[in-house]
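Have a look at the structure that comes next, please.
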2 protein chains.
Amino acid sequence: MGTPEELLDRTLLLTTLLSADMDAFSERTGLSQARIHLLWVLGAEGPVTQRALAAALGVTPRNVTGLVDGLERSGHVTREPHPDDRRALLVTPTALGAEVVATLTAGHRDLADALFGSLSAADRRRFGAMLDDVVASLVQALEEQR
Amino acid sequence: MGTPEELLDRTLLLTTLLSADMDAFSERTGLSQARIHLLWVLGAEGPVTQRALAAALGVTPRNVTGLVDGLERSGHVTREPHPDDRRALLVTPTALGAEVVATLTAGHRDLADALFGSLSAADRRRFGAMLDDVVASLVQALEEQR
DNA sequence: AGAAAAGGTGAAGTAACTTCACGATGAGGT
DNA sequence: ACCTCATCGTGAAGTTACTTCACCTTTTCT
């Protein structure tokens, strides 16, 4: 109990569970992970160009075209002309899209409370500090192997 | 600093980084995530039927057929007849496949050490305990919302 | 022996990705 | 003004990971 590998496995278990949580949301809304992710970014950044979305999502611009196509069909976003640049389009959430975003952020908050709300402030600080260390180690490990 | 939401965000960052690490491995080996996952299970369980793989991976048996097709083409596994059941096939790693599995488990160990090796035993225990609590909370949250 | 269940695959379809080519617009230098 | 070059989005074509449904073969159960 408490070996590095056990900790890693438990962390990986956590990631699978988190992804299960997202899948549940996905099922409830009928939206794919990719489209939810796009809406999430849209909620954080407000109306943006597809190019910006591609950068934020880490995918090619061409792929964003397809995702926006789907979200437009399902009535979650619209493509508005960019006021200053006639090449660009501003992807904008509709009322329905904004509603999903609101549900999304509410779910995020609820999940955070469910997971960490019961911890004492001191424990949260300790956990956060350790998490930071782990993240830093991981970033370093990633850079080294490249 | 240290609010539940910040902790969740940092945890999500950790999952992103872990997935980046897997992507890096994927790139190095030229194998997709799905095929690596299959090989990983194969490494843990030894030669098994496709049915068993489907259950372990949480996908349909039909999908496993396709994944094994790919791994067979790339020379990582073979389909051996099952000694007791002529319907079934035993997916078996080749020498190349076994090598990838070995690299995989070595990478897993190295990553665990890189992330948690520098922590004191007491810290590891504390972190593990908190991780357990968080996982338990998450499991409960998942059950409630269903 | 006969029915039902289990193992694997063909066929067909969806979604998320990619690269490459191309048309339209914007921006900078001369 | 003009030409070049970068940038925004999309059509075309292809890959991979998935799904469901139908089907054949073999095992298992009564």
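In what follows, chains are A, B, ... by sequence order, proteins preceding strands, each numbered from 1. Note: hydrogens, waters and symmetry copies are ignored here, and every other heavy atom, side chains too, is used.
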>> Taking the axis from the first five pairs and the axis from the last five, what angle separates them in the helix from C:dA1-D:dT30 to C:dT30-D:dA1, rounded to 10 degrees?
In response: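 About 20°, once rounded to a multiple of 10°.
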
> What integer distance in Å separates A:Asn63:CG from D:dG9:P?
Replying inline: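 Distance check: A:Asn63 CG to D:dG9 P gives 14 Å.
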
>> Which residues end up grouped with B:Val91 if you chain together Ile, Leu, Val, Met, Phe, Trp and Tyr wherever their side-chain heavy atoms are less than 4.5 Å apart?
In response: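 Its cluster mates, by chain and number, are B:Phe25, B:Leu31, B:Ile36, B:Leu38, B:Leu39, B:Trp40, B:Val41, B:Leu42, B:Val48, B:Leu53, B:Leu57, B:Val59, B:Val64, B:Leu67, B:Val68, B:Leu71, B:Val77, B:Val100, B:Val101, B:Leu104.
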
> Which distance, rounded to the nearest 0.5 Å, do you find between the OG of A:Ser74 and the CG of A:Asp69?
Replying inline: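 Result: 10.5 Å between the selected atoms.
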
> When clusters are formed from ILVMFWY side-chain contacts under 4.5 Å, directly or step by step, what else is grouped with B:Leu90?
Replying inline: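 B:Leu90 clusters with nothing; isolated.
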
>> Which is more 5' along DNA chain C, the nucleotide nearest A:Arg73 or the one nearest B:Asp69? Just name the residue.
In response: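 Checking each residue's closest nucleotide, the 5'-ward one belongs to B:Asp69.
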
>> In this structure, how many angstroms lie between the C1' atom of D:dT7 and the CG atom of A:Leu90, rounded?
In response: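 These atoms are roughly 15 Å apart.
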
> Is there a donor-acceptor contact under 3.5 Å from the side chain of B:Arg124 to the main chain of A:Gly2?
Replying inline: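 Yes, the answer is positive, given that a donor and an acceptor are paired below the 3.5 Å cut-off.
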
>> List the residues meeting side chain to side chain donor-acceptor pair (under 3.5 Å) with B:Gln33, not counting sequence neighbours, and say none if there are none.
In response: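 Checked B:Gln33 against side chain to side chain donor-acceptor pair (under 3.5 Å); matches are B:Asp23.
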
>> Measuring from atom CZ of B:Arg87 to atom OG1 of B:Thr49, what distance do you get when rounded to the nearest 0.5 angstrom?
In response: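 Going from CZ on B:Arg87 over to OG1 on B:Thr49, the span is 10.0 Å.
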
>> Please enumerate all residues that pass salt bridge (Lys or Arg N to Asp or Glu O under 4.0 Å) together with A:Asp133, with sequence neighbours excluded.
In response: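 Partners of A:Asp133 under the salt bridge (Lys or Arg N to Asp or Glu O under 4.0 Å) test: none.
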
> What pairs of residues pass the ring-ring contact (aromatic ring centres under 6.0 Å, His included) test when at least one of them lies in residues 70-97 of chain A, not counting sequence neighbours?
Replying inline: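 Those involving residues 70-97 of chain A do not exist here.
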
> CG of A:Leu18 to CG of A:Leu14: how many Å apart, nearest 0.5 Å?
Replying inline: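 Nearest 0.5 Å value for the CG-CG distance: 4.5 Å.
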
> Of all nucleotides in DNA chain C with an atom under 4.0 Å from a non-hydrogen atom of chain B, which is the first and which the last going 5' to 3'?
Replying inline: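 Taking any atom under 4.0 Å from a heavy atom of chain B, the span is C:dA6 to C:dA11.
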
> B:Leu67 CG to D:dT15 P: how many Å, rounded?
Replying inline: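 Rounded to the whole Å, the gap is 17 Å.
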
>> So, using salt bridge (Lys or Arg N to Asp or Glu O under 4.0 Å) as the criterion, who are the partners of B:Glu72 when residues are at least two apart?
In response: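 Checked B:Glu72 against salt bridge (Lys or Arg N to Asp or Glu O under 4.0 Å); matches are B:Arg79.
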
>> Short of 4.0 Å, heavy atom to strand atom, which residues of residues 39-52 of chain A count as contacting DNA chain D?
In response: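 Listed by number, they are A:Thr49, A:Gln50, A:Arg51.
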
> Measuring from A:Leu17:CG to A:Met22:CE, what's the distance to the nearest 0.5 Å?
Replying inline: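 Separation between the atoms: 11.0 Å.
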
> Is there any side chain to side chain donor-acceptor pair (under 3.5 Å) pair reaching into residues 91-102 of chain B, and which pairs are they, with sequence neighbours excluded?
Replying inline: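 Applying side chain to side chain donor-acceptor pair (under 3.5 Å) to every pair that reaches into residues 91-102 of chain B, excluding sequence neighbours, yields nothing.
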
> Under a 4.0 Å heavy-atom cut-off, which of residues 81-88 of chain B touch DNA chain D?
Replying inline: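 Heavy-atom contacts with DNA chain D come from B:Asp85, B:Arg86, B:Arg87.
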
>> Expressed as a whole number of angstroms, how long is the span from B:Leu31:CG to D:dT15:C1'?
In response: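 Distance check: B:Leu31 CG to D:dT15 C1' gives 15 Å.
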
Result block: side-chain N/O donor-acceptor pairs under 3.5 angstrom for residues 107-120 of chain A, not counting sequence neighbours:
from     : atom 1 : to       : atom 2 : distance (Å)
A:His108 : ND1    : B:Glu5   : OE2    : 3.0
A:His108 : NE2    : B:Asp9   : OD1    : 2.9
A:Ser120 : OG     : A:Asp123 : N      : 3.1

